[in-house]
Amino acid sequence: MDWESFKRLRGSQKKAFFMRDGNIYHVIMAQQFDRGFLDEICNLATRIRQIAKSNEGTRFLLSLLQGRRAMLYFVQPSTRTFLSFMSACQILGMQCSEVRDTSTSSEVKGETPEDTVRTFSSYVDLIIMRYPEPGFAERIAFLLNNSGRPVPVINAGSGRDQHPTQALLDIYTLHRSFEDQGGIDGKKIALVGDLKRGRTVRSLAYLMKNYEGVKLYFVSPPELRMEDDLKEYLREHEVEFEESEDLAEVIPQVDAVYMTRIQDEYDLEGESKRIDYSRFHFKVEYLQLLKPNAIIMHPLPRRQELPTEIDQDRRAVYWRQVRNGMWVRVALIAKIFRVGGEIWHY
Ligand code: CP
């Protein structure tokens, strides 16, 4: 199949292409994850963090992928995703290389990004990439699958389109938060803010088809509503959702509030400045409206939409999300390199 034909396939049809011998290989989009995989990755992450508590366990984890190498190609800014992936690789004994700015690679001499990444594949066993262009990680996975030296590709953020590993850590955080409350099934979740250009909310919303009876509330300014493609996907998979501009009215109804900042790096001509985003800030007084067992999430980085005073509330879980991101990424890399079984048997 050529790239143009592949590109037109639906996410569910592409899933097989991202697998190898029944195991996950490339991690490109949230639609490729099913419920079995999500449950397994959450349980594996918890097992790994238990093992890592002892010195012997730490040494065991370090031995699993010793001699393997990873390339972190991050040409959009990142703090958490970059560092948590690097830490995850190191926990499993991998060595990491990085390119964080194309001005330091031969792209500055006119080499294409495709040739650049293909070059990485000559030296490493895993490529983790953040790139501004939607679909680029998918194109690289396609290119490498048809090359002489395929290596797995992980999408660590593709423009305003997807951030599938953030969605995994968000699911892991929801899974742990609601462990004693029936899990994620049946929960009501508000996604708040710039839903049009926020890749984390897009990837997380895709995953909701894997859970029974979840209802989503899309709370955003009219200019920044969730895109139609995502809403169409939810309708097809019978995931209930409603749209609102009234955050205070939604908060008492939900089990999780997922805040996001305005994504003004994608402005074409400063249009964010004309939007009153203050209506989508989590005000300190909203804590009174929130259910006692509900949680407040944020992928971070944050701005004024989430005041630091909220951090003291036991329902604020966004710093746990940061930590969970590292463990879930260890679990993901372990799955890609098929060492999950050894971890379970430890
Ligand atoms: N959540 C997230 O993707 O953070 P970074 O941009 O810092 O990686």
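Not measured: the values here are computed from a predicted model. Whatever order the structure lists them in is the order used to number ligands and atoms, beginning at 1.
- Judged by the shortest distance from any of its heavy atoms, Arg130 lies inside the 4.0 Å radius around the atoms of ligand 1.
- Ring orientation note: the planes of Tyr277 and His281 are nearly perpendicular, at an angle over 60° on the 30°/60° scale.
- The aromatic rings of Phe218 and Phe241 are tilted relative to each other, their planes meeting at an angle between 30° and 60°.
- Tracing side-chain contacts under 4.5 Å through hydrophobic residues (I, L, V, M, F, W, Y), one never reaches Leu247 starting from Leu204; they form parts of separate clusters.
- Here's the thing with Pro299: one of its N/O atoms is less than 3.5 angstrom from an N/O atom of ligand 1.
- At a 3.5 angstrom cut-off on N or O pairs, Leu300 counts as close to ligand 1.
- Annotation: atom 4 (O) of ligand 1 to nearest protein heavy atom, Arg80 NE, 3.1 Å.
- By the 30° and 60° cut-offs, the orientation of the rings of His175 relative to Tyr172 is parallel.
- Counting protein heavy atoms only, atom 7 (O) of ligand 1 is closest to Thr79 N, 2.8 Å.
- Heavy-atom contacts from other residues, nucleotides or ligands closer than 6.0 Å to CZ of Arg10 number 12 or fewer.
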